[in-house]
Asks: 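Here it is, the structure in full.
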Amino acid sequence: MAREMKDSGVEWIGEIPEDWEIRNIKYLFSFGKGLNITKENLKEQGVAVINYGQIHSKLNLFYKISDDLIRFVDESYLKTGNLSLVNQGDFIFADTSEDVQGCGNFIYIDGQQTLFAGYHTIILRSLAPKDNKFFAFLFMSDCWRKQIRECVNGVKLFSISQKLIKKTSILIPPEDERVSIVNYLEEHCATIDNVLEKTRASIEEYKKLKQAVITQAVTKGIRGNREMKDSGVEWIGDIPTEWRLIPFRHVLKERQEKNSPIKSVERLSLSIDLGVTLYAEKTTNLDRFKEDFEQYKLAYEGDLVMNSMNMIVGATGVSDYFGCVSPVYYTFYDELEEHVTAKYCEYIFRSKTMLKVLYSLGKGIYAIVRGDDRVNTCRLKVSKEDLKSIIIPVPPVEEQREIVNYLKKKCSAIDELIAKKEQYLSEIENYKKSLIYEYVTGKKEVSQKYQA
């Protein structure tokens, strides 16, 4: 027999079971804020602390923080920052996000431990302390987060205030049903997360394989066993005897042409893999351009375009278009048919060993860490002179062509496998979201097996 439903009167919820309540969150939780600290206050040992970056980490499962992400502050904060200590059943929300999807990210405190909420965090504490796992699942749902996402302000950085969270509403089923919903979702989501974890691990293995294939080809070639010689360069090792070692400045020519003022040409920002951006003709996205076009440099079809600020994560590509690039990009070219050397150099600069070299040369902030800051934040700039001075192995042109064709075929096959895995990953993640939504809003009722 279908359960009786009623109109919730709230757009993001729709109909809910007859015996469920809707309450404003501020009547069920008190609010606090994390410690007023910075990364410089973190220690190797001390009292555990969770900062906003750890909350955003993809290493977290369910509503729990990964043990590997726990950081520490000095024990002196136990005297001065006791209001930022959290208890079992509390929530810690990140008060800042670099994207709208991250607005609403949180951690639920599922055990008894001495733990601080850290910088850029908001504490939610139940006014009637109890197991709040049901609300943890509710807060994970996109439908609940919609209340926050539609109200946040920002362009590159979005702020989530206590005032904003206090305006949200939450669903409250009868207590016994809350328990049964949690029992059901914990079991089924654990199974889903196991699949997700294995799929992500498989994707990482394919990415490592791609790196290994590229590195082997651009340092050892693809012609099988042959006479080798010591390159004298640590990252390269032995190379075929007929290969040369040449500073990059003598391999490709730098393109330094500046763009002339453009007032009528319609253009679009086109992505060349991993963040290299090219503005090409025949397009209609003028909003991405600044009014002063003279600062932009020209890039031609076949140019090697390198993002100086993100080069250490492989932000390098050979352009298929003529257009303009921002001053933060370096552009190089060759005059060979099919731009063979430019394409060969693209693979050189995507190899794992070269990325390590670029990292050693980079200056600035590198925050691609699984911990205190968001994953994939990169501000390490490789200077043009350092780049030009790098010694690279250069085969004869005909062998460069062989290597480019080989890697194009091999990498395309691996990329296709990765794309299929990522599509599967997306489908499973969407299924998990749908499952949580259906039960935390009462659209589906759990079976008697999970009832307390």
Side-chain angles (χ1 to χ4, degrees), residues 8-16 20-34 50-58 60-65 84 86 89-110 117-127 132-173 178 181-182 185 189 373-377 429-430 432-443:
S8 68
V10 180
E11 181 181 356
W12 68 269
I13 303 174
E15 288 191 333
I16 60 173
W20 287 32
E21 293 183 67
I22 299 175
R23 299 282 301 279
N24 186 286
I25 198 170
K26 66 183 179 182
Y27 298 120
L28 284 90
F29 292 89
S30 63
F31 290 73
K33 62 180 182 178
I50 296 176
N51 304 304
Y52 82 109
Q54 293 140 320
I55 294 173
H56 285 303
S57 174
K58 293 181 180 179
N60 298 322
L61 291 177
F62 274 175
Y63 42 72
K64 302 176 184 177
I65 188 77
S84 296
V86 293
D90 288 353
F91 295 89
I92 307 177
F93 278 78
D95 76 359
T96 304
S97 176
E98 292 180 2
D99 53 60
V100 174
Q101 287 300 112
C103 295
N105 284 355
F106 71 94
I107 293 296
Y108 175 61
I109 308 305
D110 195 22
Y119 53 82
H120 286 298
T121 61
I122 297 171
I123 303 170
L124 270 68
R125 176 165 297 138
S126 176
L127 295 176
N132 290 312
K133 289 181 184 177
F134 171 81
F135 297 121
F137 280 108
L138 178 64
F139 296 155
M140 289 169 65
S141 67
D142 285 338
C143 63
W144 182 82
R145 293 183 179 209
K146 183 179 180 182
Q147 300 174 97
I148 294 176
R149 291 169 178 169
E150 290 183 342
C151 298
V152 291
N153 295 315
V155 179
K156 293 184 178 180
L157 201 63
F158 299 91
S159 296
I160 301 94
S161 65
Q162 291 187 30
K163 182 179 180 180
L164 194 161
I165 297 177
K166 287 179 180 179
K167 291 180 179 179
T168 64
S169 299
I170 58 176
L171 284 168
I172 309 176
R178 292 205 298 270
I181 290 172
V182 168
L185 288 177
C189 288
D373 287 295
R374 295 297 305 275
V375 176
N376 292 333
T377 299
E429 287 174 337
N430 287 335
K432 178 182 174 182
K433 289 180 180 180
S434 175
L435 187 74
I436 292 173
Y437 165 77
E438 288 174 336
Y439 285 95
V440 298
T441 59
K443 302 296 187 290

Asks: Is it the case that atom NZ in Lys167 sees more than 12 heavy atoms from other parts of the structure closer than 6.0 Å?
Replies: no

Asks: Spell out, as yes or no, whether a donor-acceptor pair under 3.5 Å connects the side chain of Asn153 to the backbone of Ser159.
Replies: no

Asks: For Tyr63, run the ring-ring contact (aromatic ring centres under 6.0 Å, His included) check against Phe106, Phe134, Phe137 and tell me which one passes.
Replies: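 Among the candidates, only Phe137 passes.
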
Asks: Report yes if the side chains of Lys64 and Ile107 come closer than 4.5 Å at any heavy-atom pair, otherwise no.
Replies: no

Asks: Any pair with a residue in residues 142-154 that passes salt bridge (Lys or Arg N to Asp or Glu O under 4.0 Å), sequence neighbours left out, goes on the list, sorted by first then second residue, please.
Replies: Asp142-Arg149, Asp142-Lys433, Lys146-Glu150

Asks: What verdict does the side chain to side chain contact (heavy atoms under 4.5 Å, CB included) test give for Leu124 and Ile25, after you've listed the backbone C-alpha separation in whole Å, the side-chain angles of each residue and the deciding distance to 0.1 Å?
Replies: CA-CA 10 Å; Leu124 270 68; Ile25 198 170; 3.7 Å; yes

Asks: For atom NZ of Lys26, is the number of surrounding heavy atoms from other residues, nucleotides or ligands below 6.0 Å larger than 12?
Replies: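 Not more than 12 within 6.0 Å, no.
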
Asks: Can you give me the closest heavy-atom contact between Ile122 and Ser161, atom names plus distance?
Replies: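 Heavy atoms of Ile122 and Ser161 come nearest at CD1-C, 3.7 Å.
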
Asks: Within this structure, what is the OG1-CD1 distance for the pair Thr121 and Ile160, rounded to the nearest 0.5 Å?
Replies: 11.5 Å

Asks: Taking the inter-plane angle between the rings of Phe93 and Phe91 on a 0 to 90° scale, is it parallel (under 30°), tilted (30 to 60°) or perpendicular (over 60°)?
Replies: tilted

Asks: From Phe139 CZ over to Asn105 CG, what is the distance, rounded to the nearest 0.5 angstrom?
Replies: 13.0 Å

Asks: Would you say the side-chain atoms of Ser84 pair up with the backbone N or O of Gly118, donor to acceptor, closer than 3.5 Å?
Replies: no

Asks: How many angstroms lie between CG in Asp95 and NE2 in His120, if you round to the nearest 0.5 Å?
Replies: 6.0 Å

Asks: List the steps and the verdict of side chain to side chain contact (heavy atoms under 4.5 Å, CB included) for Ile92 and Ile65.
Replies: CA-CA 10 Å; Ile92 307 177; Ile65 188 77; over 6 Å; no

Asks: Could you give me the CA-CA distance, side-chain angles and deciding distance for Phe158 and Thr96, then say whether side chain to side chain contact (heavy atoms under 4.5 Å, CB included) is met?
Replies: CA-CA 6 Å; Phe158 299 91; Thr96 304; over 6 Å; no

Asks: Show the nearest heavy-atom pair for residues Lys33 and Ile123, with the distance to one decimal.
Replies: O-CD1, 3.7 Å

Asks: Return the minimal non-hydrogen interatomic distance between Ala94 and Tyr52, and the atom names on each side.
Replies: CB-CB, 3.9 Å

Asks: If I take atom SG from residue Cys103 and atom CD1 from residue Ile165, how far apart are they, to the nearest 0.5 angstrom?
Replies: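 Going from the SG atom of Cys103 to the CD1 atom of Ile165 covers 10.0 Å.
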
Asks: Before you tell me yes or no, could you show the steps for Ile172 and Arg178 under side chain to side chain contact (heavy atoms under 4.5 Å, CB included), namely the whole-Å CA-CA distance, both residues' side-chain angles and the distance that decides it to 0.1 Å?
Replies: CA-CA 8 Å; Ile172 309 176; Arg178 292 205 298 270; 3.4 Å; yes

Asks: What distance do Ser97 atom OG and Ile148 atom CD1 have between them, rounded to the nearest 0.5 Å?
Replies: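 Going from the OG atom of Ser97 to the CD1 atom of Ile148 covers 10.5 Å.
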
Asks: Is the side chain of Gln147 donor-acceptor paired with the backbone N or O of Ser169 at a distance under 3.5 Å, no angle test?
Replies: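 Pair found, side chain donor or acceptor close to backbone of Ser169.
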
Asks: Just how far is it from atom OG of Ser126 to atom CG of Asn132, taken to the nearest 0.5 Å?
Replies: 4.5 Å

